[in-house]
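Here is the structure we will look at, set down as structure tokens.
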Amino acid sequence: VRNKCFLRIIKFILIICFLILPKNNFGFKNLKEAEKYAENIKEFPSPDTDDLMHPTYKNFRGLQTLKNIRGMLPNWLNNILNKYIISKKIWHTGDFIESLEEAIFKRELEGLKPTYVIKFTAKPESRFIIFGPILGSFHSIVRALKELKRLKILDESLKIINNNYKVIFNGNVADQSPYTLQTLTLILNLLNKNPDNIFYNLGSEEYEDAWLNSSLQEGIRNIKSTVNPEFKEIEDSVSRFFKTLPFGIFINNSKEENSFIRIYYFGRKMEYLEEENFLGFLNKVSPGEYKIIRYSEKEKLSKKIKIVALIKDDSRINKVSNSNGLYIMESEKGATSWAIISSPNLSYKKLYQFYYDSFVTLEVKDPISESTITLIHQDVRVTKGFDRHHVFNIISGQESKSATKETEKKKPIVLGSTLALTKSIATMGSDVKSGLSLKEKLINQSGGINGRGIEIIFEDDAYTPDIALKNVKKFIKDYSTNIII
């Protein structure tokens, strides 16, 4: 009897608390809802400690729990409130769970499971909008979506209205933020509404349940454990969803079928995920279409695939402080590498003085060496609108105003460099690689040598003569160069 009375009192208190809260209509089913929600929450709340690399927000989340009270009520009580008392709702974890379950159902029904990549063949009018790690920057992604709406790429209902555009989130969407659940809800809604136009790659947080020690797990456990210790069900669902994500996206044009731009969070770190392990690369894809290609352990491609450029994450995070959202890195196996930063969250703001909402547009041209990458960004300290004046050649890194077609069409000068990048003198080898890469970047950005860019192929020899000899033979056979550093 005492327990029943206690439960009745608790239910009465919950109903009263809810009735006195602002009755706004949220759930992120359209852009206006997301904008309204962002306007009513603090963008940079204080974390629990000074550890900005691994911030926690338990105190802040505790303050938010009452505002998310609907997510903690039993279904029967929510149904009564919806039908007889409340016509509108605030955002709550139920929105996240609903969007998550919808995404899992659709993607598993489509047969999306580990391990696969996506091959796109671009047509002349194709454009690819690419975001780097968002890391729970809810306000920033809302501002970016508003810009896509202004550009008539996205509409108010979060649907892509220009079918020539594809949007790619390149991993690590939800971490380092008190708004991980909200951010992931918004991305899930975008995926659910645009299954053929919006894509989400695996990042280091999504891969092999690394997120279980992140702010995303903290968000799930903080809210759900308040009334329901069975939060493990939600965690299992999140893991199921992440297992439906591709490792990366490869883009070519219809005339150069074996030359690709590769969009992978991990770059070329995972040898077993190299292109040779995906037999489907030999299958032709119609311009403007894409195909899912699955990993094969036993069979390998007989034909060599050339990666001309990479768009990836940069683990050397100190580079962020010198960036406005996009920067070129040292090449990997002959491919020009780019990193995109799309997370002006508190950690990046304070540690690296990074203050930009940013994403890029990739335009794949014929020949692929003339493809361009355009930075679209705005300074969050002033928010005067997005700037899109920085256009670069995807291979040389030259800004468009200084690049000429004559320069772009000339074949690059290829050099091979075999270095000790592992074992005893790895530090020395890495320093040499960084120096050579910097010189490569400076030469290419200044127009190359007699109008020809340079391309340095790096291979690790672990300070071992036999491996170094093998690398030299590889440079001569695979890259047709006898210029060895």
Side-chain angles (χ1 to χ4, degrees), residues 53-55 93 96-97 99-108 110-118 130-138 140-141 166-192 194-195 198-221 231-250 262-270 272-273 292-295 310-315 317 339-343 345 347-348 359:
M53 288 300 295
H54 306 93
T93 50
F96 167 67
I97 295 168
S99 298
L100 179 65
E101 289 176 347
E102 180 183 350
I104 292 171
F105 175 77
K106 289 180 176 179
R107 297 173 73 82
E108 290 185 343
E110 195 178 340
L112 299 179
K113 58 184 180 180
T115 299
Y116 73 96
V117 297
I118 294 173
I130 307 168
F131 289 85
I134 296 170
L135 297 174
S137 301
F138 181 79
S140 180
I141 188 62
K166 312 297 179 186
V167 178
I168 301 168
F169 295 99
N170 199 26
N172 286 20
V173 161
D175 191 20
Q176 293 188 359
S177 164
Y179 305 121
T180 50
L181 293 179
Q182 293 90 329
T183 304
L184 192 50
T185 301
L186 184 54
I187 301 302
L188 286 167
N189 288 341
L190 286 164
L191 284 169
N192 291 336
N194 305 276
I198 293 185
F199 303 87
Y200 179 178
N201 284 344
L202 279 168
S204 61
E205 291 298 321
E206 293 90 355
Y207 180 56
E208 292 190 340
D209 287 341
W211 70 274
L212 287 173
N213 292 308
S214 74
S215 296
L216 178 55
Q217 184 191 50
E218 177 191 299
I220 291 171
R221 293 198 170 190
F231 48 75
K232 187 69 170 61
E233 292 180 13
I234 302 177
E235 293 181 354
D236 289 344
S237 293
V238 172
S239 293
R240 279 177 63 193
F241 167 69
F242 287 154
K243 284 180 171 61
T244 70
L245 301 181
F247 261 98
I249 293 174
F250 293 78
R262 171 171 160 167
I263 304 167
Y264 248 47
Y265 175 91
F266 299 99
R268 308 194 83 163
K269 294 176 185 177
M270 298 182 177
Y272 80 95
L273 286 175
I292 291 171
I293 303 174
R294 303 197 181 279
Y295 174 75
L310 297 168
I311 297 175
K312 50 172 277 189
D313 180 61
D314 184 6
S315 57
I317 205 68
I340 306 167
I341 308 297
S342 301
S343 49
N345 59 22
S347 298
Y348 278 49
F359 56 94

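Values below: every heavy atom of this structure, side chains too, minus hydrogens, waters and symmetry copies.
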What distance do [X] atom [atom1] and [Y] atom [atom2] have between them, rounded to the nearest 0.5 Å?
X: E102; Y: N192; atom1: CD; atom2: CG; answer: 4.0 Å
X: I311; Y: I168; atom1: CD1; atom2: CD1; answer: 7.5 Å
X: I141; Y: S343; atom1: CD1; atom2: OG; answer: 11.0 Å
X: E235; Y: R240; atom1: CD; atom2: CZ; answer: 14.5 Å
X: I134; Y: N345; atom1: CD1; atom2: CG; answer: 11.0 Å

Quick one, [X] and [Y] - any side-chain contact, counting heavy atoms below 4.5 Å?
X: L186; Y: Y179; result: no
X: F138; Y: P178; result: no
X: E101; Y: L188; result: no
X: I234; Y: F96; result: yes
X: I263; Y: I130; result: yes
X: S137; Y: S342; result: no
X: Q217; Y: W211; result: yes

Heavy-atom pair with the smallest gap, counting every atom of [X] and [Y]:
X: L135; Y: S177; value: O-CB, 3.6 Å
X: Y264; Y: I249; value: CD1-N, 4.2 Å
X: L191; Y: I198; value: CD2-O, 3.3 Å
X: I187; Y: V173; value: CG1-CG1, 3.7 Å
X: F266; Y: L202; value: CE1-O, 3.9 Å

For R294, all residues meeting salt bridge (charged side-chain N to carboxylate O under 4.0 Å, His left out), sequence neighbours excluded:
none

K166: what forms a salt bridge (charged side-chain N to carboxylate O under 4.0 Å, His left out) with it, not counting sequence neighbours?
none

For F169, which residues count as a ring pair (Phe, Tyr, Trp, His ring centres under 6.0 Å) partner, sequence neighbours excluded?
F131

Set of residues satisfying ring pair (Phe, Tyr, Trp, His ring centres under 6.0 Å) with respect to Y116, sequence neighbours excluded
none

With side chain to side chain contact (heavy atoms under 4.5 Å, CB included) as the criterion, how do L190 and V167 come out once you've worked through the C-alpha distance, each side chain's angles and the decisive distance to 0.1 Å?
CA-CA 10 Å; L190 286 164; V167 178; over 6 Å; no

[X] side chain to [Y] main-chain N or O, any donor-acceptor pair under 3.5 Å?
X: D175; Y: S215; result: yes
X: S237; Y: E233; result: yes
X: S214; Y: L216; result: yes
X: Q176; Y: Y348; result: no

Take atom NZ in K113; do more than 12 heavy atoms of anything else shown fall under 6.0 Å from it?
no

Are Y207 and F242 close enough that their ring centers fall under 6.0 Å?
no

Qualifying residue for side chain to side chain contact (heavy atoms under 4.5 Å, CB included) with P246, from I118, V117, L112:
I118

Run the side chain to side chain contact (heavy atoms under 4.5 Å, CB included) check on N201 and E206 step by step: do they pass?
CA-CA 9 Å; N201 284 344; E206 293 90 355; over 6 Å; no

Residues at least two apart in sequence or cross-chain that pass side-chain hydrogen bond (donor to acceptor under 3.5 Å, both in side chains) with S99, listed by chain then number, are N189

Listed by chain and number, what are the side-chain hydrogen bond (donor to acceptor under 3.5 Å, both in side chains) partners of Y265, not counting sequence neighbours?
N172, S204, D313

